[in-house]
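Residue numbers start from 1 in every chain, and the chains themselves are labelled A, B, ... in the order their sequence lines are given, proteins ahead of strands. Predicted model only: the values in this text are computed from it and were never measured.
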Amino acid sequence: MSVLVYIENIEGTFKKSGFEAVSYAKTIAGLLGEEVNALSIGAVPPAELEKLAQYGADKVIKIENDQLKQFINQAYAQLIANVAKSTGAKTIILSNTFNGKGLAPRIAVKLDAVLCDGAINIPAIAGDVWTIKKSVFSSKAIATEELKAAVKVIALTPNSVETKEAPVPAQIETFQSELLSNDLATTIQEIVRATDKVSLPDATIVVSAGRGMKGPENWRIIEELADVLGAATACSKPVSDAGWRPHAEHVGQTGLAVSPNLYIAIGISGAIQHLAGVSSSKTIVVINKDPDAPFFKVADYGIVGDAFEIVPKLTEAIKAFKN
Amino acid sequence: MKILVCISNVPDTTSKITFTNNNASFNENGIQFIINPYDEIALAKAIGLAANGNGKVTVLNVGEVSTEPTIRKALACGADEAVRIDAAPRDAWFVANQIADYVRTNPYDLILTGRESIDYNGAQVQSYVAELLSLPSVAIAKKLDITDNEATIEREIEGGKEVLTVNLPVVVGTAEGVAEPKIPNVRGIMDARKKPLNVIPPIEVTQLSKITSFESPVPRGTVNLIDKEQVNQLVELLHSEAKVI
Ligand SMILES: Cc1cc2nc3c(=O)[nH]c(=O)nc-3n(C[C@H](O)[C@H](O)[C@H](O)COP(=O)(O)OP(=O)(O)OC[C@H]3O[C@@H](n4cnc5c(N)ncnc54)[C@H](O)[C@@H]3O)c2cc1C
Ligand SMILES: Nc1ncnc2c1ncn2[C@@H]1O[C@H](COP(=O)(O)O)[C@@H](O)[C@H]1O
């Protein structure tokens with residue numbers, strides 16, 4: 001038996017969350033005394049595939065299907081389930097990303113599996129019953145869940161486990177699988193990616209700003225700080241509602257939930273709905289001119305003062321530090 | 001066009017989340033329940049789409065009788081009828097099976113859910129339902145347009161967006177951007193009382209997982225306030241203490 005981990009690629013490259021998933025699979029496989037098969041779908045160069053072996057994938061299985069130029073959740077779920085069946089995998093791991101969310105429940109149905117979405121730790125294994133943690137109530141609580149079916153699908157929250165190098169010799173195999181037309185019902189018309197920017201869901205540092213910035217014309221200093229840190233930019237809800245920033249940057253209960261290593265909140269009051277989406281960040285820095293802003297209560301570090309004065313200074317200090 | 005909107009009854013976004021029964025259950029004491037904010041977006045979109053053609057909007061909730069005020073609110077916003085599947089929503093797998101079973105005998109052109117419920121945040125129900133019914137789906141949509149029999153959907157992807165087209169029927173989880181939530185007016189509230197709310201019994205579903213306990217996240221220590229003239233000190237701490245840069 002083996003653990004199957006599906007690694008998503010973005011235009012032929014894997015992301016950190018993918019390597020986290022391989023490391024996670026390796027640890028679980030170790031507990032079970034099984035091997036890790038890493039599955040990649042789509043055109044990925046061999047050198048990139050070999051990286052999966054660096055993190056302990058005993059075998060890399062690749063599928064390059066001509067019918068499948070882009071991600072279609074129905075088709076991908078079918079392929080992943082086919083590989084799981086043919087390799088006898090009873091544990092299927094993937095990242096809980098935008099694509100992963102659309103895939104995991106489908107794979108679970110196809111394999112009569114139980115699904116743990118948004119897992120944040122290594123499960124405790126007692127025979128067929130596994131105990132695992134996930135974040136619920138918009139990060140206001142953590143639930144401990146028992147998974148009882150023989151086959152398990154686990155969608156791992158990015159940035160919740162470390163990547164661990166565990167090199168094994170790279171062994172790459174091709175898997176052939178046909179798709180039914182019903183699985184290809186959707187047609188991708190267009191993909192737009194801002195390649196010059198760090199993507200928010202994947203970022204390890206996020207620089208976020210709120211209504212305290214007064215207007216969209218003042219975002220320069222936010223972007224400059226993000227640039228020196230290699231960070232993604234984010235914002236509070238009123239900021240995207242007002243059209244100062246794109247909706248995709250809105251974090252919080254009704255926006256994106258993020259858990260970077262470092263979250264810097266600038267001119268954001270720290271309303272409960274905002275905190276819901278960011279409070280699982282490892283380190284939080286708050287810059288706000290109001291010493292009573294609620295955000296300071298959940299921050300690790302804070303500076304009370306005017307963002308227009310502090311942010312450029314901080315950017316300079318980080319530049320100096322990096323040199 | 002027949003549109004089904006699945007709505008979840010969730011604690012108000014300002015709720016303090018605590019637990020009872022030895023941390024095994026969510027403490028509902030003093031909690032105000034609302035329509036899941038993402039489901040309000042789905043509902044508003046459905047009402048808008050139905051108003052353009054000769055559409056009909058059904059709202060569906062899997063829940064006990066206590067969720068009826070939330071269902072009536074959805075009717076007050078402009079849905080035409082409601083269905084309540086009479087069972088406590090044990091988990092996403094249970095809920096999805098109820099919805100799929102209902103749709104098998106009552107087909108819809110468009111099935112909308114929210115992107116996720118803000119209580120269990122699974123974003124699972126929509127993809128489960130789609131898979132159980134062998135339908136295409138988009139788990140998180142930022143835009144949705146329908147022309148004739150075809151949906152054009154914009155969805156978020158890592159670092160960007162994707163636009164896709166798909167023939168109806170399709171299952172779509174809606175996020176911000178799809179529509180502005182509607183606030184019911186007095187007329188709507190009056191009308192809602194007369195609209196049909198059908199209660200149907202649940203089907204049996206095997207339980208595959210169970211939440212055994214909850215805990216609150218570890219609180220952070222008190223904030224380390226740094227003088228605004230000493231930003232260097234912050235950089236130093238982020239490096240040597242927090243180890244994040
Ligand atoms: C159902 C619902 C869902 C919601 N979902 C979300 C969500 O997902 N995400 C979200 O963010 N919000 C959400 N909200 C809104 C939330 O309640 C707050 O209104 C919002 O987060 C406030 O945004 P803000 O902090 O940018 O603005 P404000 O609350 O106006 O705060 C601005 C802050 O900037 C500070 N400031 C002003 N000038 C300066 C300066 N020169 N330098 C430094 N600091 C300065 C002020 O002291 C203040 O603390 C939701 C609300 C509801 C009802
Ligand atoms: N009890 C329920 N009844 C009807 N629809 C639900 C229920 N729970 C969840 N949903 C729908 O499924 C979506 C995703 O929920 P979840 O998988 O719990 O994150 C929600 O936005 C709702 O549209």
Contact part of [X] toward chain B, heavy-atom cut-off under 4.5 Å: side chain, backbone, both or neither?
X        : value
A:Asn73  : side chain
A:Ser139 : backbone
A:Lys237 : side chain
A:Ile287 : neither
A:Ser279 : backbone
A:Phe321 : side chain
A:Glu146 : both
A:Leu115 : both
A:Val285 : side chain

Which residue out of [options] racks up the most heavy-atom pairs below 4.5 Å with chain A?
options                                : result
B:Ile157, B:Asn232, B:Asn167           : B:Ile157
B:Ser137, B:Ser216, B:Ala175, B:Gly173 : B:Ser137
B:Asp227, B:Thr206, B:Val223, B:Val231 : B:Val223
B:Ala123, B:Gly221, B:Ala130, B:Ala92  : B:Ala130
B:Asn224, B:Val166, B:Leu164           : B:Asn224
B:Ile17, B:Val170, B:Thr165, B:Thr212  : B:Thr165

Minimum heavy-atom separation for B:Gly177 to B:Lys143, with atom names?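 Where B:Gly177 meets B:Lys143 most closely, the heavy atoms are O-CG, 4.4 Å.
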Please determine, by modelled atom types, if [X] and [Y] share a side-chain donor-acceptor pair under 3.5 angstrom.
X        : Y        : value
A:Tyr301 : B:Glu241 : yes
A:Ser199 : B:Glu158 : no
A:Thr97  : A:Asn99  : no
B:Thr67  : B:Asn61  : yes
A:Glu249 : A:Thr233 : yes

Between A:Ala320, A:Ser281, A:Pro260, A:Ala104, which has the largest tally of heavy atom pairs under 4.5 Å with chain B? A:Ser281
Measure the NZ-CG distance between B:Lys73 and B:Leu43 for me, rounded to the nearest 0.5 Å. 9.5 Å
Closer than 3.5 angstrom, by distance alone: can the side chain of [X] be matched with the main-chain N or O of [Y] as a donor-acceptor pair?
X        : Y        : value
B:His239 : B:Ile245 : yes
A:Lys152 : A:Ala108 : no
B:Asn36  : B:Ile118 : yes
A:Asp300 : A:Ile284 : yes
B:Arg90  : B:Val205 : yes
B:Asn121 : A:Phe137 : yes

Is [X] in contact with chain A via its backbone, its side chain, both, or neither, using a 4.5 Å heavy-atom distance?
X        : value
B:Lys142 : side chain
B:Pro136 : both
B:Tyr128 : both
B:Ile140 : side chain

Against chain A, residues from residues 19-33 of chain B with at least one heavy atom under 4.5 Å, in numeric order, are B:Phe19, B:Phe26
Looking at A:Asp202 and A:Lys16, does any basic side-chain N land under 4.0 Å from a carboxylate oxygen?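 No, no charged N to carboxylate O under 4.0 Å.
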Do the charged groups of B:Asp109 and B:Lys2 touch, with an N to O distance under 4.0 Å? no
